[in-house]
Amino acid sequence: EISDTIAKSSDLSIILNRALENILYKLELGLAAIFLFEAETEELVLFCAAGFSETFKKDFARLPVRGDSECICVKTASTLEIQIVDNPYRGAMSRYIEAQSDLADLQSVFSLPLITEGTLTGVLELVTNRKRGFSGEDLILLEALSNQLAAGIFRIRLEAGKHQDDQFL
């Protein structure tokens with residue numbers, strides 16, 4: 001379904017918001033976020049999020065990608081590897097979750113790099129109600145979805161750059 005949306009649209013907002021909805025539905029999750037990587041500024045920019053508070057959206061709007069960060073999505077962007085954190089929203093971190101979410105149900109955060117053609121395009125962050133828990137089938141689905149997202153982001157950015165270049169001719 002994500003690949004269909006990508007094929008039919010060149011609007012990054014439509015693609016990423018539909019992808020987020022699709023991921024939440026298929027994996028039965030309540031919280032997820034997509035960050036885009038801006039190579040010029042070396043920052044992750046929060047593009048869309050579901051289930052997170054306005055405080056999260058404000059505090060995580062732009063994150064410099066530095067190796068010394070404790071932020072899971074920044075670690076993912078720095079290492080280009082999946083990061084997993086158990087019991088992520090205890091104590092002060094609970095302010096980042098919408099009030100209707102049961103903190104006891106939030107067991108693990110999975111942060112996946114979105115990479116295509118060796119280029120980081122963003123980070124997909126998911127919060128599960130299972131400790132370190134995605135089934136093998138879920139992981140295969142996540143890999144396919146993250147690959148589709150990365151390719152779509154890359155294509156749209158490439159087309160936007162080509163369009164800008166055409167304007168200077």
**Prompt:** Taking only residues two or more places apart in sequence, or in another chain, which ones meet I140 in a side chain to side chain contact (heavy atoms under 4.5 Å, CB included)?
**Reply:** none
**Request:** Flag the pair K75 and E70 as a salt bridge only when some basic side-chain nitrogen lies within less than 4.0 angstrom of an acidic carboxylate oxygen.
**Result:** yes
**Prompt:** Once you round to the nearest 0.5 Å, how far does CG of L120 lie from CG of L114?
**Reply:** 7.5 Å
**Item:** Residue list, side chain to side chain contact (heavy atoms under 4.5 Å, CB included) with L16, at least two apart or on another chain
**Value:** L12, I34, L36, F47, C48, L149, I153
**Prompt:** If every non-hydrogen atom of F35 is compared with every non-hydrogen atom of E125, which pair is closest and at what distance?
**Reply:** CE1-OE1, 4.2 Å
**Request:** Report yes if some heavy atom in the side chain of F52 is under 4.5 Å from a heavy atom in the side chain of L31; otherwise report no.
**Result:** yes
**Asked** Is E54 paired with K57 through a side-chain N to carboxylate O contact shorter than 4.0 Å?
**Response** yes
**Request:** Name all residues meeting the side chain to side chain contact (heavy atoms under 4.5 Å, CB included) criterion together with T119; count only those two or more places apart in sequence or in a different chain, and write none if there are none.
**Result:** F154
**Prompt:** Any idea which heavy atoms bring L20 and A50 closest together, and the distance?
**Reply:** CD2-N, 3.9 Å
**Asked** Partners of E40 by salt bridge (charged side-chain N to carboxylate O under 4.0 Å, His left out), sequence neighbours excluded?
**Response** none
**Request:** Taking all non-hydrogen atoms of both residues into account, name the closest pair between I82 and P113 and its distance.
**Result:** N-CD, 3.9 Å
**Item:** Qualifying residues under side-chain hydrogen bond (donor to acceptor under 3.5 Å, both in side chains), relative to N147, sequence neighbours excluded
**Value:** none
**Residues in side-chain hydrogen bond (donor to acceptor under 3.5 Å, both in side chains) contact with S111, at least two apart in sequence or another chain** = T76
**Prompt:** Mind checking what makes side chain to side chain contact (heavy atoms under 4.5 Å, CB included) contact with R62, not counting sequence neighbours?
**Reply:** E38, T41, E43, V45
